[in-house]
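For reference, the structure discussed in these notes is given below.
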Number of protein chains: 2
Amino acid sequence: MARTAGSHSETTGPRVQEAALRLFARQGFAAVSMRQIAAEVGVQAGALYNYTPDKQSLLFDLMRGHMDALLAERAARGAGGDAVSRLEEFTRFHIRFHLARPDAVFVSYMELRNLSPENFAVIEGLRRSYEDELEGILRDGVAAGQFDVADTKIATLAVIAMLTGVTTWYREAGRLSVTEVETIYWDMVRKAVAA
Amino acid sequence: MARTAGSHSETTGPRVQEAALRLFARQGFAAVSMRQIAAEVGVQAGALYNYTPDKQSLLFDLMRGHMDALLAERAARGAGGDAVSRLEEFTRFHIRFHLARPDAVFVSYMELRNLSPENFAVIEGLRRSYEDELEGILRDGVAAGQFDVADTKIATLAVIAMLTGVTTWYREAGRLSVTEVETIYWDMVRKAVAA
DNA sequence: GTCTATAAAATGATAGAC
DNA sequence: GTCTATCATTTTATAGAC
């Protein structure tokens, strides 16, 4: 299929997103210029506006894409089993998912304040619904006498903070595999909420 | 003591730091302009350069001040007692200290990548020495058979991530006092590392 | 779809008057 | 110590040629 010279819409769009994600993660949204993103992609700055109406939308689309992927993967998993096994599955999933996309995690946690108020509300809602799943597991476990936590909401946030923290130190070239890291954190989570 | 009209060096300096801290915490270092800081203080932009050689130094001084205060408070406390009581004291201290200065915590954790390489190395060193105290407590507890963790370094980072996460949700007007929050988190930390 | 060129505004930092 | 004025860049975003 012949194509007009200089036309690369099928590849440039994703490349803009990838370049923006990588640069936002390393330098922060506000510190990255559209020219810098364009240079990374290999086009001129003006060409970026074929793929995003503005810089804010670029950030929002990255964050929404990340949250959508997170929730889609959760929805694809059965919620069967007792609270303990569901908590283990959630813990291992959270670590595996987050370690697989460190740039998206970094941007999603650090750039919330650079979202417009409307965009912030959307991302905040998605984040909340992810937390709600974990809180549901903890609540069920407390009701079943398997867990003992003073406050399920605080325990939810404490567990997520602990698990997400893994992204600040884990390196692929390090001494531990992802599965080993999952096991170490699951051991701490299990004990922290145990009855 | 008479003073030249327009001279306020005794009050302006601290006010520049306070304004910069507040604005950096809310909008991020890169998104805040020197003019914005000046407006918050009530002076013109040029006057800021009587108090800082440049914007980078303003950020570094805020972060170093925060880390120095953190380490100074730790040094002022005795390290006596067994590992369990030392861990409880560390946990309660960490929460209390961090909840008392949310802006400085936010800036210190979010703006590391906006530090020059030399400045980053300094802050990183200070942060490391804070973590080392916690790791020492965990190691002592493991040696005494009071704690059981698979990896003291990972447990250190996991505990700190969990505790620091409190700053993302705690509000002074909320239903829990700082002491109640300390107790809830101490309960989770204690169990997470228990033998 | 990409380019060049440019508009319009904002930025960090400095000079010199007071 | 603060002001006004300004420099030299850089910024986001758009217009129009190809």
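Order of the sequence lines sets the chain letters (A, B, ...), proteins ahead of strands, with each chain counted from 1.
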If you check the A:Asn50 side chain, which of D:dT4, C:dG1, D:dT2 turns out closest?
C:dG1

Within this structure, what is the CE-to-P distance between A:Met34 and D:dA13, rounded to whole angstrom?
6 Å

Which part of the nucleic acid, if any, lies within reach of B:Val32 when heavy atoms closer than 4.0 Å are counted: base, sugar-phosphate only, or nothing?
sugar-phosphate

Check whether the ring centres of A:Phe97 and A:Phe90 lie less than 6.0 Å apart, and answer yes or no.
no

Below the 4.0 Å mark, does D:dG1 have OP1 or OP2 next to a side-chain nitrogen or oxygen of B:Thr12?
no

A:Tyr51 OH to D:dA13 P, in whole Å, measures 17 Å

Below 4.0 angstrom from OP1 or OP2 of C:dT11, is there any side-chain N or O of B:Ser33?
yes

Under 3.5 Å side-chain donor-acceptor pair for A:Thr156 and A:Glu131
no

Quick one: A:Gln44 CD to D:dT14 C1', roughly how many Å, whole number?
15 Å

If I take atom CD from residue A:Gln27 and atom OG from residue A:Ser33, how far apart are they, to the nearest 0.5 angstrom?
8.5 Å

For B:Arg15 and D:dT2, what is the distance between atoms CZ and C1' respectively, to the nearest whole Å?
13 Å

Please report, rounded to the nearest Å, how far the P atom of C:dT11 is from the CD atom of B:Gln36.
7 Å

Expressed in angstrom and rounded to an integer, what is the separation of A:Leu48 atom CG from D:dA13 atom P?
10 Å

Starting at atom OH of A:Tyr49, determine the distance to atom C1' of C:dT6, rounded to an integer number of angstrom.
14 Å

Rounded to whole angstroms, how far apart are CD on B:Gln27 and P on C:dA10?
14 Å

More 5' along DNA chain D: A:Ala31 or A:Pro53, using each one's nearest nucleotide?
A:Ala31

For the aromatic rings, using the six-membered ring if either is Trp, is the centroid distance between B:His98 and B:Phe106 under 6.0 Å?
no

